[in-house]
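To start, the structure itself, in C-alpha cells.
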Amino acid sequence: MPIAAIYGPDDFANLGRGYSAPPRSRVSPAEPARALPMPSLEWTPEVERATAHLYERVKKVIAPVEWPFMAPYVRAINELKQTRDAVILAHNYQTPEIFHCVADIRGDSLQLAIEASKVKSDIIVQCGVHFMAETSKILNPHKTVVIPDSRAGCSLASSITAADVRLLRERFPGVPVVAYVNTSATVKAEVDICCTSSNALQVVESLHAPMVIFLPDQYLAKYVASQTNVRIIAWMGACEVHERFTGDELRSYREADPSVQIIAHPECPPDVLAEADFTGSTAHMINWVRNNRSKRVVMITECSMADNVQAEMPDVEMIRPCNLCPHMKRITLPKILDSLVYLREEVTIDASIAEKARHSVERMINLKN
Ligand code: SF4
C-alpha cells in the first residue's frame with residue numbers, strides 16, 4: 001500500500017538541524033604515545049612479489065600502472081594489522097584495493113554489524129562511514145574502534161536527529177519506531193528497533209503493529225510499504241547517491257541492449273525500482289549476480305560495488321553507472337595506514353546512549369538469528 005504520511009524537519013519548527021559526522025580531530029592527545037613508526041612505502045621488487053597474489057584479485061578493475069602506488073600501502077597495512085591485532089571491516093562500497101586487498105571482513109551494513117559484534121581482536125578499523133563505525137562500537141564497546149576519516153558521513157544519517165524522533169513519538173503515541181541503521185547512535189537510542197535494507201520488511205512485520213514509523217529513508221519506506229499491509233509513516237531523508245538515478249536512465253540501458261539485466265537498491269526512487277528486474281540490498285544484489293551469472297548486468301547502486309563484483313566475477317560484464325558516494329570515498333589506503341600507525345580517529349559514544357542504541361541494534365540482530 002502507499003505510505004500513510006511523510007514527515008520532515010519542516011513539520012517540527014525551531015529544531016536545530018543537528019547530526020553530522022563529528023569534525024575531524026587529526027591528532028588526539030593519546031596519539032604520540034601509542035604511535036608506531038611509519039613503514040617504508042617504496043615500490044620494490046620485494047613489495048611486488050609480496051603483493052602479486054592480491055593484484056591477481058583486482059587486475060580486472062585496477063590498471064597495472066596504478067598498482068605500484070597502491071601495493072606499498074597494501075603491504076604495510078596488512079603487516080600493521082598483525083602488529084596491532086587489528087581487523088579491517090569494509091563495506092561493499094569501498095574501492096577494490098581496500099575491499100579485496102586489505103579487508104578482513106566485507107559486507108553490507110547488516111553483515112558488518114553482526115561480524116563487528118564477534119570481533120576478538122583489540123582494534124576494529126572501520127572502512128565505511130561514521131554511523132557504521134558507531135554501530136561497531138555500540139556492539140563491541142570494549143574494543144578500540146577507529147575510522148580512517150571521521151568526516152565520512154551519510155545524507156540519510158544527517159537528515160534526522162534524536163529530537164525529531166521524540167517529536168514523531170509525541171505525534172504518533174504508541175506507534176513503534178523502526179530506524180534504518182543509517183542513523184546516528186543518538187537516533188538509534190530513541191527507537192524500538194533498527195533495520196537494514198536486507199531485513200527492513202522482516203523487521204517491520206515482526207512488530208505485529210497496524211502502523212509503524214519508519215525512518216529516515218523515504219524511498220526504502222515506500223518500497224517496504226509496497227510489500228506489506230502495515231501502514232508506514234515515513235521521514236523525508238534520502239540517499240544522495242541512489243536518488244540521482246532515474247527511470248529514464250534505466251530505460252535507456254534497456255533500449256541499448258534489451259537482454260541486459262538491471263538490478264537496483266531499494267534506496268532508489270519508485271520510478272527506478274519499477275524499471276528494475278530485481279530489487280535488493282547490496283548483499284542480495286551480489287548474491288543475485290552470483291546465482292544468475294547473466295551476461296550483462298547494470299548495477300544501480302554506488303559505483304565501487306560493481307567494481308568489486310566485477311573483480312570477483314570477470315565472466316559477467318558489469319555496466320557501471322558511476323554514482324560515487326563522496327563519504328565512502330573519503331576512506332583511502334593512506335588514511336587506513338594512518339589509522340593503524342596512530343590509532344586515528346577513535347570513535348567514542350556516551351555510555352548511556354550506547355546502551356540504549358545497543359538494545360535497538362541487538363533486537364534486529366537477534367531477529368535475524
Ligand atoms: S551511499 Fe548513500 S546511504 Fe550509503 S553512505 Fe553514501 S550517502 Fe549514505
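Position 1 is the first residue of the sequence, and the numbers go up from there. Both ligands and their constituent atoms are indexed starting at 1 by order of listing. Excluded from the calculations below are hydrogen atoms, water molecules and symmetry mates; all remaining heavy atoms, backbone and side chain alike, are included.
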Ligand 1 to Glu267, heavy atom cutoff 4.0 Å, flagged ligand atoms 3 (S)

I'd like to know if Lys118 and Glu115 make a salt bridge, using a cut-off of under 4.0 Å between side-chain N and carboxylate O.
yes

Would you say Cys325 has an N, O or S atom lying under 2.8 Å from atom 6 (Fe) of ligand 1?
yes

Hey, can you tell me if Tyr93 and His91 have their rings parallel, tilted or perpendicular (30° and 60° cut-offs)?
perpendicular

From the list His265, His242, Lys329, side chain to side chain donor-acceptor pair (under 3.5 Å) with Glu302 holds only for Lys329

So, is His242 placed with an N/O/S atom under 2.8 Å from atom 2 (Fe) of ligand 1, counting both backbone and side chain?
no

Give the atoms of ligand 1, by number and element, whose distance to some non-hydrogen atom of Asn182 is under 4.0 Å.
3 (S)

With the threshold set at 4.0 Å, does a side-chain nitrogen-carboxylate oxygen contact exist between Lys222 and Glu267?
no

Nearest to atom 4 (Fe) of ligand 1, what protein heavy atom do you find, and at what distance?
Tyr93 CE1, 4.0 Å

With a 4.0 Å cut-off on N to O distance, would you call Arg169 and Asp192 a salt bridge?
yes

Tell me whether Arg290 is salt-bridged to Glu312, with the criterion being a basic N under 4.0 Å from an acidic carboxylate O.
yes

With a 4.0 Å cut-off on heavy atoms, is Phe131 in contact with ligand 1?
no

Going by the order shown, which atoms of ligand 1 are within less than 4.0 Å of some heavy atom of Ser155?
7 (S)

Angle class for the Tyr7/Phe172 ring planes (parallel below 30°, perpendicular above 60°, tilted otherwise)?
perpendicular

Looking only at protein heavy atoms, what sits closest to atom 2 (Fe) of ligand 1 is Cys239 SG, 2.3 Å

Which residue and heavy atom of the protein sit nearest atom 8 (Fe) of ligand 1, plus the separation:
Cys154 SG, 2.4 Å

Under 4.0 Å to a heavy atom of Leu156 - the qualifying atoms of ligand 1, by number
3 (S)

